[in-house]
Number of protein chains: 2
Amino acid sequence: MRPLFHPAIEDVRPEAILHALSDPERAAIFAQIAGGGSGGTCAAFANMRERVIPKSSLSNHIKVLREAGLIRCERQGVEMHNHSRCSELDERFPGLAMAILSAYGWLPGEAKAD
Amino acid sequence: MRPLFHPAIEDVRPEAILHALSDPERAAIFAQIAGGGSGGTCAAFANMRERVIPKSSLSNHIKVLREAGLIRCERQGVEMHNHSRCSELDERFPGLAMAILSAYGWLPGEAKAD
DNA sequence: ATCAACAGTTCCGAATTTCCGAACTATGGA
DNA sequence: TCCATAGTTCGGAAATTCGGAACTGTTGAT
């Protein structure tokens, strides 16, 4: 369990990113992690968008985001801290993450309307 | 069969676009349509990326792209002509389509490496 | 050291989605 | 009319996703 797998930035595939963010729930979680607002622990995402996300689903969402190369996860004590890999990503795929979050209307700093 | 469904631009959802383009085969088809190089008929996409795409799959890919709002399709005689909705899309989701095609390395005008 | 609580993961069966061959439909020409 | 062409629909097998229940790993209390 210790060494959680994270793809090297050069192994990150665009299709994985698009697939990961094509689920609005997952995209909302990523937006929150990228925004840096929450502590970044999984529990912070338990209810996104007016729905309670079952924790097995949540765990899976985080895993998909991690394996797609969107976030980095590390255990700190009993909880898992997640943070985005936006700067690395933006170097590899310029403008991608930003355009996607913006399309959802969830760019860090924007209002969360839709 | 005549009135093929096309979503109004304001009904286009980002998740549908990401889902449609999270399949590299579909993304390659869209890149080709957006590039405008081919005549835009389905037959032109029969073998993308070193694989022969079965025509039922191809038909389905086109349908997914159309219903996601990425392309517009109209019958001209016996064949179907497809063209991209890039300009409308770029107004609604600025930079999105471009960032995605660029991530794949298929921006119109770029080399198709990767 | 043992126990309990907590945060998150894994397992696995049900539901949904995707894939693609075969059959079908629509259009245009001979 | 009959055929060829271009694409669509059908339907079942395969793959993926979802989520409840059970499990693991860590911390703090006794």
Side-chain angles (χ1 to χ4, degrees), chain A residues 1-6 13 15-30 32-33 38-68 70-83, chain B residues 1-6 13 15-30 32-33 38-68 70-83:
Chain A
M1 131 142 318
R2 200 73 55 50
L4 279 179
F5 172 72
H6 292 85
R13 306 259 125 230
E15 56 266 41
I17 291 180
L18 299 184
H19 172 252
L21 298 181
S22 69
D23 178 328
E25 227 156 57
R26 226 145 41 205
I29 292 169
F30 176 67
Q32 191 157 324
I33 292 174
S38 75
T41 74
C42 291
F45 314 121
N47 45 355
M48 293 258 72
R49 310 172 72 247
E50 308 176 355
R51 196 181 81 97
V52 174
I53 306 179
K55 64 180 187 168
S56 62
S57 303
L58 189 48
S59 177
N60 190 55
H61 283 330
I62 297 285
K63 181 181 173 191
V64 170
L65 292 171
R66 174 170 51 78
E67 294 185 342
L70 285 158
I71 63 175
R72 201 174 284 283
C73 312
E74 53 188 306
R75 185 155 208 161
Q76 283 180 11
V78 75
E79 53 193 27
M80 190 69 82
H81 282 226
N82 306 292
H83 52 100
Chain B
M1 134 140 315
R2 200 71 55 51
L4 280 177
F5 172 71
H6 293 85
R13 305 259 128 232
E15 56 266 41
I17 291 180
L18 299 184
H19 172 252
L21 298 180
S22 70
D23 178 329
E25 226 156 55
R26 230 151 31 208
I29 292 169
F30 176 67
Q32 191 157 325
I33 292 174
S38 75
T41 75
C42 293
F45 314 122
N47 46 354
M48 295 257 70
R49 310 174 69 244
E50 307 176 355
R51 194 180 83 97
V52 173
I53 306 179
K55 63 179 187 167
S56 61
S57 303
L58 188 48
S59 178
N60 189 56
H61 283 331
I62 297 285
K63 181 181 172 191
V64 170
L65 292 172
R66 174 171 50 79
E67 294 184 343
L70 286 158
I71 63 175
R72 200 174 284 282
C73 313
E74 54 187 305
R75 187 153 208 161
Q76 284 180 11
V78 75
E79 53 193 26
M80 189 70 82
H81 281 227
N82 306 291
H83 52 100

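Every chain is numbered from 1, with letters handed out A, B, ... down the list of sequences.
Mapping A:R26 and B:R66 onto DNA chain D via the closest heavy atom, the residue that lands nearer the 5' end is B:R66. Taking the nucleotide of DNA chain D with the nearest heavy atom to each of B:V78 and B:I62, the more 5' of the two is matched to B:V78.
A:L65 contributes atom CG, which lies 9.0 Å from atom CG of A:D23 (distance to the nearest 0.5 angstrom). Once rounded to the nearest 0.5 Å, the distance linking NE2 of B:H19 with CD of B:E15 reads 11.0 Å. Here the CD1-CZ distance, from B:I29 to B:R26, works out to 8.5 Å after rounding to the nearest 0.5 Å.
What separates CG of A:L65 from P of C:dG8 is a distance of 14 Å, to the nearest Å. Atoms CD1 (B:I53) and C1' (C:dT18) sit 14 Å apart, rounded to a whole Å. If you take CD of B:E79 and P of C:dG28, they are 11 Å apart, rounded to a whole angstrom. Regarding A:K63, its NZ atom lies at a distance of 9 Å from the P atom of C:dT9, rounded to whole Å. What separates CG of B:L58 from P of C:dG21 is a distance of 13 Å, to the nearest Å. Across the protein-nucleic acid pair, B:L4 atom CG and C:dT27 atom P stand 11 Å apart, rounded to whole Å. Rounded to an integer number of Å, the gap from CG of B:N60 to C1' of D:dC10 is 12 Å. Note: CD (B:E67) to P (C:dT18) measures 11 Å, nearest angstrom.
B:S59 contributes no side-chain N or O that forms a donor-acceptor pair with the base of D:dG7 under 3.5 Å.
Here A:H61 does not reach the OP1 or OP2 of D:dG19: none of its side-chain N or O atoms lies under 4.0 Å away. Dashed line: the shortest gap from a side-chain N or O of A:S56 to OP1 or OP2 of C:dT9 is not under 4.0 Å. Distances shown here put every side-chain N or O of B:H19 at or beyond 4.0 Å from the OP1 or OP2 atom of D:dT17.
Using a 4.0 Å heavy-atom criterion, one finds that B:R51 contacts the sugar-phosphate atoms exclusively.
When each of C:dC19, C:dT9, D:dG19 is scored by its nearest atom to the side-chain atoms of B:S57, the top-ranked nucleotide is C:dC19. The side chain of B:R75 lies closest to D:dA6 when the candidates are D:dA6, C:dT9, D:dG19. With C:dG8, D:dC18, D:dT8 as the choices, the nucleotide that has an atom nearest any side-chain atom of A:M80 turns out to be C:dG8.
B:S59 contributes no side-chain N or O that, together with a main-chain N or O of B:S56, makes up a donor-acceptor pair within less than 3.5 Å. Panel note: side chain A:H6, backbone A:L4; a donor-acceptor pair is recorded below 3.5 Å.
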